[in-house]
Amino acid sequence: EVAVRIDSYSTSLRYPQPKSLMSPRSDVMTVTPWLAPVVWDGTFDSSIIDSLYQPQNLRIGTTVFAIGKYTRFIKGFLETAEKHFLVGYKVNYYIFTDKPEDVPSVALGPQRNLSVITVSKFFRWQEISMRRMERILNTIEERLLKEVDYLYCLDVDMLFHNHWGAEVLSTLVAAIHPGYYKNPREEFPYERRPASQAYVPWDQGDFYYAGAMIGGLIENVRALTRTCHQAILIDKQNNIEAAWQEESHLNKYFLQHKPTKLLSPEYLWDDTKPKLPEIHFIRFSTVLKNYAEVREN
Ligand code: 2GW
Ligand code: MN
């Protein structure tokens with residue numbers, strides 16, 4: 001049982017009283033119409049969050065794919081994750097790579113471990129990205145169900161810059177894409193062809209969610225990867241590939257299975273964008289990369 005045990009709360013902790021008539025933020029949405037919190041700076045108190053989650057001795061898994069030239073991103077990802085990602089919690093990194101000899105050794109803190117999982121390289125980059133769903137699903141069923149309570153699946157071409165802590169934990173967690181949080185739904189780059197399993201009609205959609213972060217309880221991430229992988233296979237049989245590969249399928253899934261917690265763009269930023277006033281902290285952000293160079297075979 002991994003639900004938060006409120007009964008274990010220690011009364012020794014002192015913190016400012018929550019104010020019933022005051023919203024922590026007036027400039028951003030902090031709760032969705034289905035009552036899922038949207039995590040922004042100012043909406044949570046880390047000392048309370050940690051006092052709830054720390055006693056549960058949670059095991060948190062993190063999958064990261066680094067295939068071909070993307071092995072160059074592992075070092076920065078891990079070094080900065082050690083500074084900011086769920087520090088103080090038991091974290092297992094699972095690095096999927098075709099070049100296990102290129103995985104650098106990075107000093108890990110206490111209670112933190114790393115497993116390398118050797119996988120083959122797909123010829124098309126779209127497959128490399130899309131097949132993560134299948135590979136995560138298989139690994140969940142082979143071992144992660146036994147090894148972790150929560151699983152977070154992240155892009156590797158990223159760096160942590162600030163706290164990314166236990167406030168992200170919930171049953172099913174999505175990150176709002178930094179490129180589309182101000183846009184009307186008609187401008188979201190959903191798959192618009194009805195022939196695809198990822199199809200979303202123009203008059204539907206809550207947010208545009210990023211493919212670079214999927215999280216939640218292991219059973220919920222299992223259900224998500226299973227459904228998305230099956231949808232990708234059906235599309236393949238029908239000779240159609242969704243506009244943004246697995247990100248399109250993920251967006252269809254989150255429309256039908258609402259996330260229980262949303263991460264604001266603080267939690268998944270893009271360094272090519274200027275920092276905007278509502279973004280108090282950039283916590284995790286894409287590394288600027290030379291697309292042409294890193295993507296050639
Ligand atoms: C990807 C695109 C083109 C050429 C190579 C690759 C590639 C990706 C690769 O050679 N090796 C590799 O390990 N990857 C993994 O796939 C790696 O973990 C990377 O972070 C992830 C997604 O590829 P990435 O980071 O180049 O895609 P983004 O950041 O431009 O894209 C978003 O859209 C993608 C779908 O097209 C995914 O949904 C991704 O999660 C999104 O962030
Ligand atoms: Mn990426």
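Please read these numbers as outputs of a predicted model, since none were measured by experiment. Sequential numbering from 1 along the given sequence is applied to the chain's residues.
- For the pair Pro189 and Tyr180, the minimum side-chain heavy-atom distance is below 4.5 Å.
- When atom types are taken as modelled, the side chain of Asn251 and the backbone of Tyr209 share a donor-acceptor pair closer than 3.5 angstrom.
- Leu137 and Phe96 fall into different hydrophobic clusters, defined by Ile, Leu, Val, Met, Phe, Trp and Tyr side-chain heavy atoms under 4.5 Å apart, directly or through other members.
- A 6.0 Å sphere centred on NZ of Lys273 holds more than 12 heavy atoms belonging to other residues, nucleotides or ligands.
- Within the 3.5 Å criterion, the main-chain N or O of Glu241 finds no donor-acceptor partner in the side chain of Gln245.
- Looking only at distances, a side-chain donor or acceptor of Ser285 sits under 3.5 Å from a matching main-chain atom of Asp271.
- Shortest non-hydrogen contact noted between Tyr70 and Val156 is CD2-CG1, 3.9 Å.
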Open item on the list: Apply side chain to side chain contact (heavy atoms under 4.5 Å, CB included) to residues Glu82 and Leu108 and explain how you reach the verdict.
Closed with: CA-CA 7 Å; Glu82 283 301 293; Leu108 301 179; 3.7 Å; yes
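- For the atom pair CE of Met22 and CD of Gln17, the computed distance is 10.0 Å after rounding to the nearest 0.5 Å.
- Residues Tyr94 and Arg135 fail the side-chain proximity criterion, which asks for heavy atoms closer than 4.5 Å.
- Looking at heavy atoms from C-beta onward, His177 lies out of side-chain contact with Leu268 at the 4.5 angstrom threshold.
- Residues Ile214 and Leu224 approach most closely at CG2-CD1, 3.7 Å, considering heavy atoms.
- Of the candidates Trp244, Phe254, Tyr190, Tyr190 is the only one forming a ring-ring contact (aromatic ring centres under 6.0 Å, His included) with Tyr208.
- A salt bridge is absent between Arg193 and Asp235; no separation between the charged side-chain nitrogens and carboxylate oxygens falls under 4.0 Å.
- Side-chain contact annotation: Glu167 with Ser46, donor-acceptor N/O pair under 3.5 Å absent.
- There is no side-chain donor-acceptor pair under 3.5 Å between Thr63 and Arg132.
- Going from atom CD of Gln197 over to atom CD of Gln230 covers 10.0 Å, rounded to the nearest 0.5 Å.
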Task: Step-by-step side chain to side chain contact (heavy atoms under 4.5 Å, CB included) determination, Thr227 to Lys252 - done: CA-CA 10 Å; Thr227 301; Lys252 177 67 172 275; over 6 Å; no
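- In this structure, the side chains of Tyr150 and Val168 stay at 4.5 Å or more apart for every pair of heavy atoms.
- No single ILVMFWY cluster, assembled from side-chain heavy atoms under 4.5 Å apart, contains both Met29 and Leu35.
- The closest side-chain donor-acceptor pair between Thr171 and Asn220, if any, does not fall under 3.5 angstrom.
- Panel note: side chain Thr62, backbone Tyr93; no donor-acceptor pair is recorded below 3.5 Å.
- Across Tyr15 and Pro18, no two heavy atoms sit closer than the pair CE1-CD, 4.5 Å.
- Ring geometry for Tyr253 against His257 counts as parallel: the plane angle stays under 30°, on a 0 to 90° scale with 60° as the upper cut.
- Look at Arg59 and Glu147 and you find no salt bridge, because none of the NZ, NE, NH1 or NH2 atoms lies under 4.0 Å from a carboxylate O.
- Tyr53 and Val87 fall into different hydrophobic clusters, where Ile, Leu, Val, Met, Phe, Trp and Tyr side chains are chained together by heavy-atom contacts under 4.5 Å.
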Task: Worked check of side chain to side chain contact (heavy atoms under 4.5 Å, CB included) between Arg143 and Ser115 - done: CA-CA 12 Å; Arg143 56 187 282 195; Ser115 297; 3.2 Å; yes
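- Taking NZ of Lys275 as the reference point, atom CZ of Phe281 lies at 8.5 Å (rounded to 0.5 Å).
- Shown here is Lys83, whose NZ atom has no more than 12 heavy atoms of other residues, nucleotides or ligands within 6.0 Å.
- Interatomic distance, Leu144 CG to Lys146 NZ, rounded to the nearest 0.5 Å: 9.5 Å.
- Scanning all heavy atoms of the two residues, the minimum distance from Asp50 to Tyr89 falls at OD1-OH, 2.6 Å.
- Atoms CD and OG1, on Glu101 and Thr71 in that order, are 8.5 Å from each other to the nearest 0.5 Å.
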Open item on the list: Under the criterion ring pair (Phe, Tyr, Trp, His ring centres under 6.0 Å), I'd like the reasoning laid out for Phe77 against Phe160: C-alpha separation, chi angles, the key distance, then a yes or no.
Closed with: CA-CA 7 Å; Phe77 178 95; Phe160 290 88; 5.6 Å; yes
Open item on the list: Using the rule given for side chain to side chain contact (heavy atoms under 4.5 Å, CB included), can you reason through Ile60 versus Tyr152, listing the C-alpha separation, both sets of side-chain angles and the distance that settles it, and then say yes or no?
Closed with: CA-CA 8 Å; Ile60 296 149; Tyr152 287 76; 4.1 Å; yes
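- Screening Val28, Thr43, Thr32, Val31 against Val38 for a side-chain contact (heavy atoms from CB on, under 4.5 Å) leaves a single residue, Thr32.
- The closest side-chain donor-acceptor pair between Thr286 and Asp270 falls under 3.5 angstrom.
- When all heavy atoms of Arg283 and His163 are compared, the pair lying nearest together is NH1-O, 2.9 Å.
- The side-chain heavy atoms of Asp41 and Arg25, taken from C-beta on, include a pair separated by under 4.5 Å.
- In this structure, Ile49 is a member of the same hydrophobic cluster as Tyr267, with clusters built from ILVMFWY side-chain heavy atoms closer than 4.5 Å.
- Taking hydrophobic clusters as Ile, Leu, Val, Met, Phe, Trp and Tyr residues chained together by side-chain heavy-atom distances below 4.5 Å, Leu58 shares a cluster with Trp164.
- Between Phe284 and Leu154 the shortest side-chain heavy-atom distance falls below 4.5 Å.
- Val173 places a side-chain heavy atom less than 4.5 Å from the side chain of Met213.
- Atoms NE2 and NE2, from His161 and His84 in turn, are 8.0 Å apart once rounded to the nearest 0.5 Å.
- Scanning all heavy atoms of the two residues, the minimum distance from Ile48 to Ser51 falls at O-OG, 2.8 Å.
- Here Arg131 pairs with Glu127, Glu134 under the salt bridge (Lys or Arg N to Asp or Glu O under 4.0 Å) rule; sequence neighbours left out.
- Side chain of Trp40 to backbone of Glu266: no donor-acceptor contact under 3.5 angstrom is found.
- Remark: of the listed residues Leu262, Leu255, Thr260, Leu255 is the sole one forming a side-chain contact (heavy atoms from CB on, under 4.5 Å) with Lys258.
- Annotation: side chain of Leu145 is in contact with side chain of Ile140 (closest heavy-atom distance under 4.5 Å).
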